[in-house]
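Start at 1 and go down the list; that is how both ligands and their atoms are numbered. Start at 1 with the first residue, then count along the sequence. Remember, predicted model here, so these are calculated numbers, not experimental data. Heavy atoms only: backbone and side chains are in, while hydrogens, waters and symmetry mates are out.
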Amino acid sequence: MSLQFERVDVLIVGAGLAAVTVALHLPHSLNVLVVSKHEVTSANSDLAQGGIASSYLEPSSVDHERDTLVASKLAAVPDRVYTLVEEGRSAIRDLERFGVVFDREGADYAVGREGAHGMNRIFHVGGDETGRHVMATLRRQLPDNVTVMEHVLIDSLVKTDGRVTGATGFNGETRLHVQAGAVVLATGGIGGLIDWTSNCRSVTGDGLVLADEVGARLTNLSRIQFHPTLLAVDSPHLVTEALRGAGATLVDASGRHVMAHHPLGSLAPRDEVARSLTRHDGTVYLDTSRVERIDERFPKLVETCRMYGLDATRIPVRPGLHFHMGGVDVDVDGRTTVAGLYAVGEVADSGVHGKNRLASNSLLECWVFGKRVAVAVTVEEKPFTVNETTVYEVSDNLFSRYRQQIGEWLTISPQIGEIVSFLENTQQLAQTKHVSRQLSEQTLSLKAARLLASAVIRTEDSDEQNRLARTADSIFT
Ligand code: SIN
């Protein structure tokens with residue numbers, strides 16, 4: 001197999017908003033390589049609909065801070081939340097400086113609202129296509145010191161004398177070694193491990209495995225968020241919560257409001273809405289008849305409904321896997337517990353989301369903490385010695401079976417028995433030194449799923465009292 005060797009100051013694994021924010025803010029004197037597993041646009045950031053939450057227009061960040069903490073079930077770390085919302089006040093102005101043009105109504109910003117926000121503070125671009133527009137604009141601004149390589153899979157990190165010094169993987173099908181003075185993980189979450197998800201299918205928890213294998217600490221892995229409203233069609237799409245902020249309500253087949261029991265109605269925190277919808281017998285619809293100018297404000301949704309032959313005033317929805325709050329443990333500047341390794345965005349457990357992320361705080365997190373990582377990164381040159389890599393020897397059939405099994409337990413109402421049997425079945429997979437890109441990719445997915453499964457079991461075992469009090473459908477939140 002041929003080998004490509006690259007030597008850079010900073011390697012950024014991932015190409016979504018967290019990665020691009022770091023790349024935009026690193027000193028231009030550094031030689032930076034950004035790698036994307038598939039096309040750069042296959043990042044979750046590109047799919048973001050609702051927008052970016054910011055208290056830019058408010059007298060202070062206090063209300064945004066309170067909403068974030070309350071949505072998190074008071075499990076977020078207060079000083080991290082303060083950093084997020086306070087530094088997030090200037091995110092809108094910052095992004096405008098990079099060329100992002102937020103939607104307006106006349107001279108004013110057209111700020112929207114989503115679940116668990118006490119007021120309208122979601123800034124958006126192109127209606128419900130915020131991610132696509134923001135990412136296209138920012139990627140065009142990447143300076144010359146940043147090289148972007150697509151179709152690069154990173155399958156392991158290299159560590160020398162206690163410091164991460166680079167990574168190995170594939171560029172297309174060619175084996176790739178990258179020596180780096182520092183490595184930033186911005187690989188996103190875990191949603192692509194299953195089919196019923198709002199995420200890009202390529203986002204499969206790689207960063208968790210890479211970090212774990214060099215000894216970085218992972219935290220709160222069982223904190224997984226389900227979005228209440230994915231379009232209930234064969235290939236799920238997100239139906240943004242901003243639609244409910246604009247007046248849509250969740251109704252049953254006879255038009256009865258299914259969240260009528262909650263003081264915030266259809267705009268209750270998303271974990272509570274997702275659980276109510278999961279328990280509901282029969283199809284739930286988003287009644288959008290009260291949403292004004294829906295074609296103009298939610299063009300992507302209207303187009304998607306048309307594509308599936310659905311009536312956009314009565315949209316069938318059901319919950320699906322959306323966001324991973326847990327991840328690689330980081331300090332407020334994105335440093336992991338291993339020297340030379342940083343993490344930012346969904347792969348990191350930045351402490352700002354607790355048990356339930358507040359809507360539209362994730363793009364904000366990428367921006368605020370991405371800027372911090374760019375300042376904190378230190379580049380050190382160390383010897384780069386690659387150890388022999390092995391991967392699981394799994395056939396396509398076996399891998400599909402395991403993926404199906406993951407889909408059976410990685411749900412809002414998992415059965416512990418199914419998690420245990422997945423762990424048992426994948427405990428002693430045969431390993432091979434004949435490393436191929438496909439086997440590497442499959443191995444990363446299976447290892448990521450095993451990390452999550454083990455964390456759920458550990459959480460359950462370590463809290464006997466809680467376990468007895470819990471119902472099966474509250475494990476992940
Ligand atoms: C949405 O638009 O409903 C999702 C936004 C988010 O997850 O922050």
When you compare ligand 1 with [X], is there at least one nitrogen or oxygen pair between them that comes in under 3.5 angstrom?
| X | value |
| --- | --- |
| Asn361 | no |
| Gln49 | no |
| Gly50 | yes |

May I ask you to list the atoms of ligand 1 that are less than 4.0 angstrom from any heavy atom of [X]?
| X | answer |
| --- | --- |
| His322 | 4 (C), 6 (C), 7 (O) |
| Ala359 | 8 (O) |
| Arg357 | 6 (C), 7 (O), 8 (O) |
| His227 | 1 (C), 3 (O), 4 (C) |
| Glu241 | 1 (C), 2 (O), 3 (O) |

Original post:
Would you call the rings of Tyr109 and Phe123 parallel, tilted or perpendicular, where under 30° means parallel and over 60° means perpendicular?
Top reply: perpendicular
**OP:** Quick one: sort the Tyr308 and His237 rings into parallel, tilted or perpendicular, breaks at 30° and 60°.
**Re:** perpendicular
Does the [X] side chain pair with the main chain of [Y], one donor and one acceptor, at a distance under 3.5 Å?
| X | Y | value |
| --- | --- | --- |
| Ser42 | Glu39 | yes |
| Ser61 | His64 | no |
| Arg318 | Ala232 | no |

**OP:** Would you please determine whether Ser360 falls within less than 4.0 Å of ligand 1 on a heavy-atom basis?
**Re:** yes
**OP:** Check whether any heavy atom of Gln225 sits under 4.0 Å from an atom of ligand 1.
**Re:** no
Original post:
What is the nearest protein non-hydrogen atom to atom 2 (O) of ligand 1, stated with its residue, atom name and distance?
Top reply: Thr240 OG1, 2.6 Å
Subject >> Residue part near ligand 1, for Arg270, under 4.0 Å between non-hydrogen atoms >> reply: side chain
Subject >> Per-residue contact class, Leu238 against ligand 1 - non-hydrogen pairs under 4.0 Å >> reply: side chain
Original post:
Using the benzene-type ring in the case of Trp, are the ring centres of Trp196 and Phe226 under 6.0 Å apart?
Top reply: no
**OP:** Among Glu272, Gln225, Lys73, find the one that has a side-chain hydrogen bond (donor to acceptor under 3.5 Å, both in side chains) with Asn356.
**Re:** Gln225
Original post:
Got a salt bridge between Arg270 and Glu241, using NZ or NE/NH1/NH2 to carboxylate O under 4.0 Å?
Top reply: yes
Original post:
If you count the non-hydrogen atoms of other residues, nucleotides and ligands that lie under 6.0 Å from CG in Asp79, is the total more than 12?
Top reply: yes
